[in-house]
> 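This is the structure I want to talk about, given as structure tokens.
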Amino acid sequence: MKNTKKNIIKTLEAMSSIENLTMLAELKEKHTPFQMLIATILSARAKDEVTLPVSKELFKKYGTPKTLANADSRIVKNIIKKIGFYNTKTKAIIATANKIQDDFHGHVPETLDQLMSLPGVGRKVANCVLVYAFGKNAIPVDTHVHRISNRLGWAKTKTPDQTERRLEAIIPRKYWPLVNETLVKYGKTICAPISPFCSKCTVAVSCPRIGVIKSR
DNA sequence: AAAACGGGGGC
DNA sequence: GCCCCAGTTTT
């Protein structure tokens, strides 16, 4: 099957049959943009089942830029310890809270460049905040999106950055926010990194199986 | 381009 | 006990 825009949209719709929301889509319901930002920073290379409860626990004490900016790093470190990379992440989220206070009047910025200027925020986290916290058009590319895009032949790329450019070129803007949500859900369940459940994949017919890229 | 950061969950 | 996990920063 050729990678026309119509076919890609059809494939995305076919993959969206999975009913569970991603962690970020779930968090969106009851959390502020600042809390979405912090939870997204914390989620890097960590599992949702750990990140979710830890984030909620953190927000009980430090749920605003003001409170987190002035937090005791030892207490924060202890709360988020289970996530891993906790030294780095503690420093990052406190510094980010301070920068939001000092440079952005206490509000999470809404542009990609400004978000990426925050400590601990790279392109993926910034794009996630744009999509999940502010409802803007962007395509956050994590390992799931990168892996599946390459398996399906939508992209033949080495880096997530290249994948993002490619997807933005071949997918109409109005579908951009769906790409991350759909592919992450699909990647967690069917199109797994190591042993994908191809027998249960509803879009296998569209999958050229151009090699199986490494999990990381 | 490669290394460092990391505890917890799954098997 | 070993491997993996919604990346980012530093070397």
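Protein chains get the first letters and strands the later ones, always in sequence-line order, with residue 1 at the start of each. As a basis for the values below, the full set of heavy atoms in this structure was taken, side chains included, without hydrogen atoms, waters or symmetry mates.
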> Got a sec, which pairs hit salt bridge (Lys or Arg N to Asp or Glu O under 4.0 Å) with one end in residues 54-69 of chain A, sequence neighbours left out?
A/E57-A/K60
> Once hydrogens and angles are ignored, does a donor-acceptor distance under 3.5 Å link the base of C/dA6 to the side chain of A/T143?
no
> Can you list the residues that meet the salt bridge (Lys or Arg N to Asp or Glu O under 4.0 Å) rule with A/E49, with sequence neighbours excluded?
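Expected list: none.
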> What's the NZ-C1' distance between A/K91 and B/dG6, to the nearest Å?
15 Å
> Name the residue closer to the 5' end of DNA chain C, choosing between A/L118 and A/S43 according to the nucleotide with the nearest heavy atom.
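Of the two residues, A/S43 wins.
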> Need to verify one output field. Residue with the more 5' nearest nucleotide on DNA chain C, A/K47 or A/M116?
A/K47
> Sequence neighbours left out, what passes ring-ring contact (aromatic ring centres under 6.0 Å, His included) with A/Y175? Give chain and number order.
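With sequence neighbours excluded, A/Y175 shows a ring-ring contact (aromatic ring centres under 6.0 Å, His included) to no residue whatsoever.
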> Rounded to whole angstrom units, what separation is found between the NZ atom of A/K188 and the P atom of B/dG9?
15 Å
> My understanding is that only residues two or more places apart in sequence, or in another chain, count here; which of them pass ring-ring contact (aromatic ring centres under 6.0 Å, His included) with A/H31?
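In terms of ring-ring contact (aromatic ring centres under 6.0 Å, His included), with neighbours along the sequence ignored, A/H31 is linked to A/F59.
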> State the OG-CG distance between A/S206 and A/L12, to the nearest 0.5 angstrom.
10.5 Å
> Can you give the dot-bracket line for DNA chain B, where a pair is Watson-Crick or G-U wobble with both atom distances under 3.5 Å, crossing pairs use [ ], and | marks a partner on another strand?
|||||.|||||
> Quickly work out the A/N78 CG to B/dG8 P distance and round it to whole Å.
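After rounding, the gap between these two atoms is 11 Å.
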> Just to be sure I understand the rule, does A/V125 reach a base, reach only the sugar-phosphate, or reach nothing, if contact means heavy atoms closer than 4.0 Å?
sugar-phosphate
> Over how many whole Å does the gap from A/I194 atom CD1 to C/dC2 atom C1' extend?
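The answer, rounded to whole Å, is 14 Å.
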> When we call it a touch if two heavy atoms are under 4.0 Å apart, what does A/T22 touch: a base, just sugar-phosphate, or nothing?
base
> Working to the nearest 0.5 Å, report the span between CZ of A/F34 and OG1 of A/T96.
8.0 Å
> Starting from the C-alpha separation in whole Å, work towards a yes-or-no answer on side-chain hydrogen bond (donor to acceptor under 3.5 Å, both in side chains) for A/T163 and A/T157.
CA-CA 6 Å; A/T163 299; A/T157 46; 2.6 Å; yes
> Could you tell me the separation between the CG atom of A/L52 and the P atom of B/dG8, rounded to a whole number of Å?
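It works out to 17 Å between those atoms.
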> Could you tell me the separation between the CG atom of A/D48 and the C1' atom of B/dG8, rounded to a whole number of Å?
14 Å
> Can you tell me the distance, in whole Å, between the CD atom of A/E49 and the P atom of C/dC5?
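So the CD-P distance, A/E49 to C/dC5, works out to 12 Å.
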> Within 45° of the axis and under 6.0 Å from the centre of the six-membered ring of A/Y86, does NZ or CZ of A/K81 qualify?
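Yes - A/K81 lies over the ring of A/Y86, closer than 6.0 Å to its centre and within 45° of its axis.
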> Restricting to non-hydrogen atoms, name the atom on A/A69 and the atom on A/N98 that form the minimum distance, rounded to 0.1 Å.
O-ND2, 3.2 Å
> Check each residue of residues 80-89 of chain A for a non-hydrogen atom within less than 4.0 Å of any atom in DNA chain B, then write out the ones that pass by number, or none.
A/K81, A/K82, A/I83, A/G84, A/F85, A/Y86, A/N87, A/T88
> When hydrophobic residues are tied together by side-chain contacts of less than 4.5 Å, even through go-betweens, does A/L24 share a cluster with A/V131?
yes
> For nucleotides C/dT8 and B/dG9, find the distance between their C1' atoms and express it as a whole number of Å.
23 Å
> More 5' along DNA chain B: A/V50 or A/A46, using each one's nearest nucleotide?
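Its nearest nucleotide lies further toward 5', so the answer is A/A46.
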> What integer distance in Å separates A/R45:CZ from B/dG8:P?
18 Å
> If the P atom of B/dA2 is compared with that of C/dA6, how far apart are they to the nearest Å?
23 Å
